[in-house]
Amino acid sequence: MKRRYTIMAAVILAFSLLAAACSSSDSGDAETTTTAAETTETTVAPAATTTTAAAATTTAPAADLPPLVVWADEKRAPVIESIAPAFTEATGVEVQVTLVDFGTMKDEVSTKGPAGEGPDVFIGAHDWVGELATNGSISPIDLGGRDNEFTETGLNALKWDGAQYGLPYVTEAVAIYYNTDLVPEAPATMAELTAACDAIEVDNCLGVPGGNDGGDAYHHQPFLTVDDGYIFGYDPSTGFDVADIGLGTDGAISGATVLETLVTDGYIASTNYDDAKNLFMEGNEAFWLTGPWELGALEDQDAVNWGVMTLPTVDGNIMRPFVGVQGFYLSAFAQNSAIAEEFLLNFIATDDTMLALFEADPRGSAHIATIKTISSDPINATFAISGETGQFMPNVPEMGAVWGPVGDNFLALRNGDIDAETAMTNAAEQVATVIAEG
């Protein structure tokens with residue numbers, strides 16, 4: 001089930017034309033790639049044959065400007081390096097790509113940016129936007145009227161206080177992997193799913209992370225929302241209202257009751273993430289609720305035949321998972337914001353680069369042209385549908401108060417220690433307390 005997309009050979013021609021048009025530019029020294037520890041530097045030779053074509057509009061060469069510093073993790077860095085020569089050829093500005101672990105990116109941006117040691121551009125998650133905008137680490141970007149090239153969810157997730165703070169490129173949400181030997185046809189409803197479970201014998205039928213010893217608010221979001229439950233109230237024009245906590249509402253309790261019933265009836269065992277994954281990989285689980293980040297692991301094994309299905313409806317209601325968005329941020333401490341935006345709009349926000357980024361880390365896309373390209377694959381199309389019907393994860397700093405209480409109470413529910421109403425009432429009260437205490 002390997003899926004590969006290749007960037008067209010026309011890209012090479014496009015770069016050649018671009019290089020010829022800009023042959024009078026001074027490209028400066030070769031790019032440097034720095035490790036996360038920033039202890040070594042290695043020269044990266046320009047590679048025209050792997051460069052993604054840029055948009056037609058470019059800034060006049062400016063060889064006297066400092067290099068453009070881009071922070072990226074090991075999966076995305078090679079894509080940035082591949083387009084760097086074209087950018088340097090067109091503008092005269094070097095691109096320095098620094099490897100930084102995604103898990104430490106946000107903290108390093110916050111601490112190193114003010115000291116003048118941070119990036120000009122970096123890749124980050126959308127739920128960082130509230131904290132980074134509030135502490136002055138990022139600047140709004142001007143998409144130049146190109147909003148229609150990106151999904152509404154991707155754009156909204158990277159907005160703060162009405163301003164666009166990032167160029168979206170990834171959207172991802174959970175769906176359900178299913179064992180096609182055990183369940184040849186994907187069920188569309190929860191009633192059909194449980195009927196399929198009744199017809200087979202497996203150790204666990206529906207694997208949902210968040211049980212045993214591993215509380216997990218993220219994977220339980222589809223149950224929370226199935227009857228219009230929510231975490232914080234949301235208005236597209238004003239954003240999230242953290243004073244409006246919806247965890248204890250009738251809708252949230254109703255959704256948690258769906259989960260409780262599935263647990264009580266034996267369809268969902270108390271599995272943590274690793275348990276659910278291992279059971280599915282061993283063929284002892286018919287369904288596994290998780291995200292596209294597991295596609296690689298499934299493609300690399302041959303013990304289980306599998307497919308991907310959208311989340312089933314429950315009594316006609318849609319389960320709405322969290323949608324995670326990633327994008328390119330512009331640092332508030334960028335040495336030249338205009339050059340950084342030039343890089344983002346005319347070298348990152350191209351069909352070729354966005355497709356290359358998907359190929360490097362296939363998690364779904366916020367770029368509409370890329371979505372159309374990859375949707376010819378039914379697996380990608382299914383995850384795209386899940387993202388379209390989901391809700392992007394609140395991007396407010398107060399989400400830090402949510403993960404522990406919600407995950408812990410769902411865990412207690414999964415382990416049979418409390419019922420649905422108690423779990424959600426407790427979670428609402430605990431989140432409110434943590435937010436009030438600051």
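By convention here, the first residue in the shown sequence is residue 1.
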Is any side-chain heavy atom of [Y] closer than 4.5 Å to one of [X]?
{"X": "M309", "Y": "P187", "answer": "yes"}
{"X": "W306", "Y": "M281", "answer": "no"}
{"X": "V314", "Y": "T189", "answer": "no"}
{"X": "I348", "Y": "I83", "answer": "yes"}
{"X": "L155", "Y": "Q164", "answer": "yes"}
{"X": "D417", "Y": "L413", "answer": "no"}
{"X": "T271", "Y": "N204", "answer": "yes"}
{"X": "F410", "Y": "D216", "answer": "no"}

Test of understanding: with salt bridge (charged side-chain N to carboxylate O under 4.0 Å, His left out), list the residues that count as partners of K159, not counting sequence neighbours. none

Residues that E131 engages under salt bridge (charged side-chain N to carboxylate O under 4.0 Å, His left out), provided they are two or more places apart: K106

Looking at [atom1] of [X] and [atom2] of [Y], how far apart are the two atoms once the value is rounded to the nearest 0.5 Å?
{"X": "R414", "Y": "L259", "atom1": "CZ", "atom2": "CG", "answer": "6.0 Å"}
{"X": "M393", "Y": "D127", "atom1": "CE", "atom2": "CG", "answer": "5.0 Å"}
{"X": "Q301", "Y": "E282", "atom1": "CD", "atom2": "CD", "answer": "11.0 Å"}

Taking all heavy atoms of G307 and all of T180, pick out the closest pair and write down the distance. N-CG2, 3.7 Å

For residues 143-167, which residue pairs qualify under ring pair (Phe, Tyr, Trp, His ring centres under 6.0 Å), counting only residues two or more places apart or in two chains? F150-H367

Is it the case that the side chain of T111 and the backbone of D107 share a donor-acceptor pair, with hydrogens and angles ignored and the cut-off at 3.5 Å? yes

Is the backbone of P222 close enough, under 3.5 Å, to the side chain of T225 for a donor and an acceptor to pair up by distance? yes

Any chance the side chains of T370 and T373 put a donor and an acceptor closer than 3.5 Å? no

Judged by modelled atom types alone, do S375 and N380 share a side-chain donor-acceptor pair under 3.5 Å? no

Pairs meeting criterion side-chain hydrogen bond (donor to acceptor under 3.5 Å, both in side chains) with involvement of residues 312-340, two or more places apart: R76-Q326

With sequence neighbours left out, which residue pairs that include part of residues 236-261 fulfil the side-chain hydrogen bond (donor to acceptor under 3.5 Å, both in side chains) condition? D227-S254, Y230-D244, D235-S237

Under the side-chain hydrogen bond (donor to acceptor under 3.5 Å, both in side chains) test, residues paired with N305 that sit two or more places apart: D181

Who pairs with E294 by side-chain hydrogen bond (donor to acceptor under 3.5 Å, both in side chains), at least two apart in sequence or on another chain? Y273, K277

Is the centre of the W128 ring less than 6.0 Å from the centre of the F102 ring? yes

Step through it carefully: locate the ring centre of F280, locate the ring centre of W288, and say whether they are under 6.0 Å apart. yes

Not counting sequence neighbours, which residues clear ring-ring contact (aromatic ring centres under 6.0 Å, His included) with [X]? List them please.
{"X": "F328", "result": "Y169"}
{"X": "F343", "result": "F87"}
{"X": "F240", "result": "Y234, F392"}

Step-by-step side chain to side chain donor-acceptor pair (under 3.5 Å) determination, D408 to Q430: CA-CA 11 Å; D408 290 346; Q430 290 165 15; over 6 Å; no

Can you name the side chain to side chain contact (heavy atoms under 4.5 Å, CB included) partners of P292, sequence neighbours left out? E172, L295, F383

Where at least one partner belongs to residues 329-413, residue pairs that pass disulfide bond (SG atoms under 2.5 Å apart), sequence neighbours excluded: none

